[in-house]
Amino acid sequence: MAWFLVQTVYDQGKYAEVRPRHREYLKKLADKGTVAVAGPFTDDTGGAYLMQAANADTLQELLDADPYIAEGALESYTVREINPTLGAWLQ
């Protein structure tokens with residue numbers, strides 16, 4: 001499994017309406033262990049989440065199902081694969 005950092009930039013006119021569905025979606029993924037941590041930036045311009053997926057294609061499928069992306073509530077998002085080497089959640 002690979003880890004990915006997803007950083008989002010909100011469409012300020014759309015994200016607030018979609019946020020409850022986005023959070024519900026990420027909660028389901030967190031309950032499955034797919035999302036390690038997620039949350040908005042303190043200035044509410046966007047957010048970030050750390051996700052685990054088999055590969056980049058699988059991650060993209062998960063992202064495409066996210067209401068923020070599916071409903072056009074983001075101006076943009078970036079994805080970076082990371083190689084975690086330290087952290088309390090690493091076993």
Side-chain angles (χ1 to χ4, degrees):
M1 296 293 270
W3 285 98
F4 299 90
L5 179 65
V6 180
Q7 182 175 341
T8 63
V9 177
Y10 301 147
D11 179 322
Q12 291 296 318
K14 296 181 183 178
Y15 85 96
E17 177 187 335
V18 180
R19 179 175 265 176
R21 293 184 294 283
H22 163 74
R23 285 187 173 171
E24 181 179 321
Y25 177 71
L26 288 188
K27 172 132 179 28
K28 288 178 185 176
L29 293 179
D31 289 347
K32 294 178 183 178
T34 302
V35 172
V37 65
F41 296 130
T42 56
D43 64 3
D44 225 22
T45 59
Y49 34 106
L50 184 61
M51 299 178 68
Q52 191 174 39
N55 54 49
D57 290 337
T58 301
L59 176 76
Q60 191 60 56
E61 290 173 10
L62 293 170
L63 293 177
D64 289 344
D66 181 337
Y68 269 175
I69 293 171
E71 297 182 39
L74 299 178
E75 283 186 16
S76 64
Y77 68 94
T78 58
V79 176
R80 301 277 313 259
E81 185 172 355
I82 66 170
N83 183 23
T85 56
L86 297 172
W89 44 269
L90 293 175
Q91 302 284 329

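Numbers for residues simply follow the sequence, beginning at 1.
One finds the OG1 atom of Thr45 at 3.5 Å from the CG atom of Asp43 (value rounded to the nearest 0.5 Å). To the nearest 0.5 Å, atom CD of residue Glu81 and atom CG of residue Leu5 are 11.5 Å apart. With rounding to the nearest 0.5 Å, the separation of NZ in Lys28 from OG1 in Thr34 is 13.0 Å.
Here the closest heavy-atom approach between residue Thr58 and residue Ala54 is recorded as OG1-CB, 4.1 Å. The minimum heavy-atom distance linking Gly33 with Gln52 is given by the pair O-OE1, 4.0 Å.
The salt bridge (Lys or Arg N to Asp or Glu O under 4.0 Å) search around Lys27 returns Asp31, not counting sequence neighbours. Partners of Arg23 according to the side-chain hydrogen bond (donor to acceptor under 3.5 Å, both in side chains) rule, which considers only residues two or more places apart in sequence or in another chain, do not exist here.
Other cluster members for Ile69: Phe4, Val6, Tyr10, Tyr15, Val18, Tyr25, Leu26, Leu29, Val35, Tyr49, Met51, Leu59, Leu62, Leu63, Tyr68, Leu74, Tyr77, Val79, joined by side-chain heavy-atom distances under 4.5 Å among Ile, Leu, Val, Met, Phe, Trp and Tyr.
Using a distance-only test at 3.5 Å, with no hydrogens or angles considered, no donor-acceptor pair links the side chain of Ser76 to the main chain of Val9.
Around the CD atom of Glu17, the shell of radius 6.0 Å holds no more than 12 heavy atoms that belong to other residues, nucleotides or ligands.
Put simply, the side chain of Arg21 reaches to within 4.5 Å of the side chain of Glu71, judged on heavy atoms.
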